[in-house]
Amino acid sequence: MKTKTAPSGNGGSVNKGLWNEFYEKNNAPLVPSSFAQECLKIIDKTGILFELGCGNGRDSIFFISNDIQVIGCDSSESAIKLINDNYKKHIGNESMFICDDFTALDNTKYKATLSTVYSRFTMHSVTDKAASSALSWAFSALKNEGLLLIEARSVKDKMYGVGQEVGRDAFINHHYRRFLRKEELLSELESLGFVIENVVESDNLAVYQNDNPVVVRVVARKK
């Protein structure tokens, strides 16, 4: 029986093997998320989009198919291999997928070069310390006027409190989730220098099969 543990340090995964196994079984949906489809309306197609925790590439491939240069990042070797094996011919010469921990990226590598940083269902998969590291990196990596796009589970979600409590607003139920408090997230983004352009906290935005979570969606711009 596998021991369930909370993330430590800046690491993002509760159990890296769990996510490798998940993607090896190809259980994740392949169609783009509703968040990606909504974000497409405001993304700068002339710039570079960096996805934090791209998983099987469902949203990154969608953006690439809409003529956006993408760098997809995920700590799961299986996920990145899956993308490169199945979608290489669709990726093109400019877009790429890398295996790395999105909470511990090099602050100098993409400094002020990205037009968009995209994070869907990843901020709630890591500790508050790890998320803060990723948000700080995003501000550094974005060009002026660049966009940070976030969707994550809210503390108002019905799954809040389900499973083993492992920290403030954090629980393990099959895997680790840390539910976000909207006002705290907005305050942290503003303290970094972001201007909040849009925020929504609601259900009926990220429905998948029988799961209809309450999520926080944020559009923030670097100024």
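Because the structure is predicted, anything quoted here is derived from the model rather than measured.
Taking all atoms of both residues into account, the shortest heavy-atom contact from Leu135 to Phe194 is O-CE1, 4.2 Å. A pairwise comparison of heavy atoms in Tyr176 and Thr127 identifies OH-CA, 3.6 Å as the closest pair. Across all their heavy atoms, Glu197 and Leu147 have their closest contact at OE1-CD2, 4.2 Å. For Thr122 against Gly53, the heavy-atom pair with the smallest separation is CG2-O, 3.5 Å. Of all heavy-atom pairs between Ser34 and Ala206, the closest is OG-CA, 4.3 Å. Of all the heavy atoms in Asn144 and Lys222, the pair that sits closest is OD1-CE, 3.7 Å.
Phe179 belongs to a hydrophobic cluster whose other members, connected by ILVMFWY side-chain contacts under 4.5 Å either directly or through intermediates, are Val155, Met159, Tyr160, Phe171.
Phe102 and Phe121 fall into different hydrophobic clusters, where Ile, Leu, Val, Met, Phe, Trp and Tyr residues are linked whenever their side-chain heavy atoms come under 4.5 Å apart, directly or through other members.
In this structure, Ser95 contributes its side chain and Val70 its backbone to a donor-acceptor pair below 3.5 Å. The backbone N or O of Phe62 lies less than 3.5 Å from a partner atom in the side chain of Asn66, making a donor-acceptor pair. Asn56 places a side-chain N or O within 3.5 Å of a backbone atom of Arg58 that can act as its donor or acceptor partner.
No hydrogens or angles considered: nothing links the side chains of Asp74 and Ser76 as a donor-acceptor pair under 3.5 Å. Using modelled atom types, one finds no donor on one side chain facing an acceptor on the other under 3.5 Å when comparing Glu51 with Ser119. Side-chain contact, Ser133 with Ser136: no donor N or O sits under 3.5 Å from an acceptor N or O. Side-chain atoms of Ser140 and Asn107 include no donor-acceptor pair closer than 3.5 Å.
Atom CD of Gln37 sits in a crowded spot, with more than 12 heavy atoms from other residues, nucleotides or ligands closer than 6.0 Å.
A salt bridge links Asp169 with Arg181; the closest basic N to acidic carboxylate O contact falls under 4.0 Å.
With sequence neighbours excluded, no residue forms a side chain to side chain donor-acceptor pair (under 3.5 Å) with Asn210.
Note: Tyr118 and Phe50 fail the aromatic proximity criterion, with ring centroids not under 6.0 Å apart.
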- Query: Between Arg153 and Glu201, is a salt bridge (charged side-chain N to carboxylate O under 4.0 Å, His left out) present by the stated rule, with each step listed?
  - Reply: CA-CA 9 Å; Arg153 287 182 186 262; Glu201 185 175 30; over 6 Å; no

